[in-house]
Amino acid sequence: MVEELLTAVLAAAVGAAVYMGAAARVVKQYERGLVFRFGRLREEIRPPGFTVIVPVIDRLRKVNMQIVTLPVPAQEGITRDNVTVRVDAVVYFKVVDPANAIVAVEDYRFAVSQMAQTSLRSIIGKSDLDDLLSNREMLNQGLELMIDSPAVGWGVQIDRVEIKDVSLPETMKRSMARQAEADRERRARVINADAELQASHKLAEAAEVMSEQPAALQLRLLHTIVAVAAEKNSTLVLPFPVELLRFLERAVPQPGPAPAREETAPAGPASEGPGPAEVSAADTDVLDAAPAPDALGGPANGLLLDAPAPEQQRKGLRE
């Protein structure tokens with residue numbers, strides 16, 4: 001009798017353990033449980049923690065409530081300005097209504113993925129290339145609205161949509177590179193011209209100051225010599241300003257003209273010519289400076305013909 005009782009208790013304990021093993025379920029913190037009894041959804045949603053269902057009768061379906069990162073495959077399309085591009089994106093969404101996510105749609109992940117691809121191609125066709133490259137915030141908002149509208153009935157909330165990359169053809173990349181290079185060169189030329197204009201104003205002011213003090217030109221010249229000599233050059237080509245010459249001319253005193261010497265001879269009779277003593281020293285110098293004939297009897301420089309000797313000139317003047 002006792003043995004039969006122990007056997008019955010042991011059998012009941014084993015049966016209870018098997019039942020609890022088949023009925024016990026654990027729902028994680030980031031999940032929610034949906035119970036289907038004979039294929040019909042129970043209104044009660046099982047919270048996280050330990051829960052029990054009826055074995056064989058009930059089926060527990062767990063739904064992940066975390067934010068899901070869904071990459072959208074690259075979609076190729078033609079923009080509004082007829083440029084072929086490939087655009088890929090990423091969608092962040094989460095389930096807010098587990099019942100609709102399981103009952104209203106067969107596979108909410110696949111549905112969101114297909115809707116994202118369709119919306120992305122639509123956005124490409126409605127946008128210009130410049131908008132895809134520079135105005136992505138507005139495109140992200142428009143893409144989010146296009147995906148979120150049908151996803152609300154699926155119990156899914158679109159948290160964020162981001163366009164990751166825009167792939168352009170190689171010819172378009174080269175054209176944009178040339179355009180960017182031309183724009184950079186234009187800005188560089190404008191900056192250089194502005195610098196030249198500012199430098200010209202400063203140089204004009206410096207020239208005005210130096211014109212008032214000519215010694216500044218000489219100091220500037222010396223500074224230039226020092227700067228060039230520091231490079232250890234063997235040849236130094238230095239321009240010589242004309243203003244420095246003018247400054248030196250004004251700085252050096254110039255002697256005045258020498259007074260002419262006049263020798264007065266005693267006056268003789270008016271009818272008589274000057275005597276031998278009346279010949280001035282200037283005439284003697286002129287006579288001494290007269291060219292002598294060469295050895296062949298001709299003129300010394302080829303310009304004077306039949307020039308008399310110095311002794312003959314002196315005798316002619318005395319006579």
Any side-chain heavy atom of [X] sitting closer than 4.5 Å to one from [Y]?
X      : Y      : answer
Leu129 : Leu133 : yes
Asn135 : Asp130 : no
Phe93  : Asp159 : no
Gln117 : Val72  : yes
Val35  : Glu44  : no

Using a cut-off of 6.0 Å, state whether more than 12 heavy atoms not belonging to [X] lie near its atom [atom1].
X      : atom1 : answer
Ile78  : CD1   : no
Arg121 : CZ    : yes
Arg25  : CZ    : yes
Lys62  : NZ    : yes
Glu181 : CD    : no

Nearest atoms (heavy-atom pairs only) where [X] meets [Y]:
X      : Y      : result
Arg86  : Ala74  : NH2-CB, 3.5 Å
Val27  : Glu31  : CG1-O, 3.5 Å
Ala104 : Gly153 : CB-O, 3.7 Å

**Asked** Considering residues at least two apart in sequence or located in another chain, which fulfil the side chain to side chain donor-acceptor pair (under 3.5 Å) criterion with Arg46?
**Response**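 Applying side chain to side chain donor-acceptor pair (under 3.5 Å) to Arg46 gives Thr51.
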**Asked** Can you list every side-chain hydrogen bond (donor to acceptor under 3.5 Å, both in side chains) pair that touches residues 139-157, not counting sequence neighbours?
**Response** Asn140-Glu162
Spatial distance of atom [atom1] ([X]) from atom [atom2] ([Y]) [nearest 0.5 Å]:
X      : Y      : atom1 : atom2 : answer
Gln75  : Thr118 : CD    : OG1   : 8.0 Å
Arg160 : Ile67  : CZ    : CD1   : 11.5 Å
Phe38  : Asp58  : CZ    : CG    : 8.0 Å
Arg189 : Ile191 : CZ    : CD1   : 13.0 Å
Met65  : Asp97  : CE    : CG    : 8.0 Å
Leu203 : Met210 : CG    : CE    : 9.0 Å

**Asked** Under the side chain to side chain contact (heavy atoms under 4.5 Å, CB included) criterion, do Asn64 and Val95 qualify, and how do the steps go?
**Response** CA-CA 7 Å; Asn64 193 338; Val95 177; over 6 Å; no
Path from [X] to [Y] over hydrophobic side-chain contacts below 4.5 Å:
X      : Y      : value
Val83  : Ile123 : yes
Ile147 : Val105 : yes
Leu41  : Tyr108 : yes
Val161 : Val68  : yes
Ile53  : Val63  : no

**Message:** Is there a side chain to side chain contact (heavy atoms under 4.5 Å, CB included) between Ile45 and Leu34? Walk through the geometry before answering.
**Reply:** CA-CA 5 Å; Ile45 297 177; Leu34 299 177; 3.9 Å; yes
**Message:** Would Asp194 and Gln198 count as a side chain to side chain contact (heavy atoms under 4.5 Å, CB included) here? Give the steps.
**Reply:** CA-CA 6 Å; Asp194 191 12; Gln198 295 179 6; 3.5 Å; yes
**Prompt:** Checking side chain to side chain contact (heavy atoms under 4.5 Å, CB included) for the pair Glu205/Lys202: CA distance, chi angles, key distance, verdict?
**Reply:** CA-CA 5 Å; Glu205 294 178 2; Lys202 296 299 180 182; 4.1 Å; yes
**Message:** Determine whether a donor-acceptor pair (N or O, by modelled atom type, separation under 3.5 Å) exists between the side chain of Ser122 and the backbone of Ser119.
**Reply:** no
Determine all donor-acceptor pairs shorter than 3.5 Å in which one atom belongs to a side chain in residues 163-180; sequence neighbours excluded.
from   : atom 1 : to     : atom 2 : distance (Å)
Ser175 : OG     : Thr171 : O      : 3.0
Ser175 : OG     : Arg178 : NH2    : 3.4

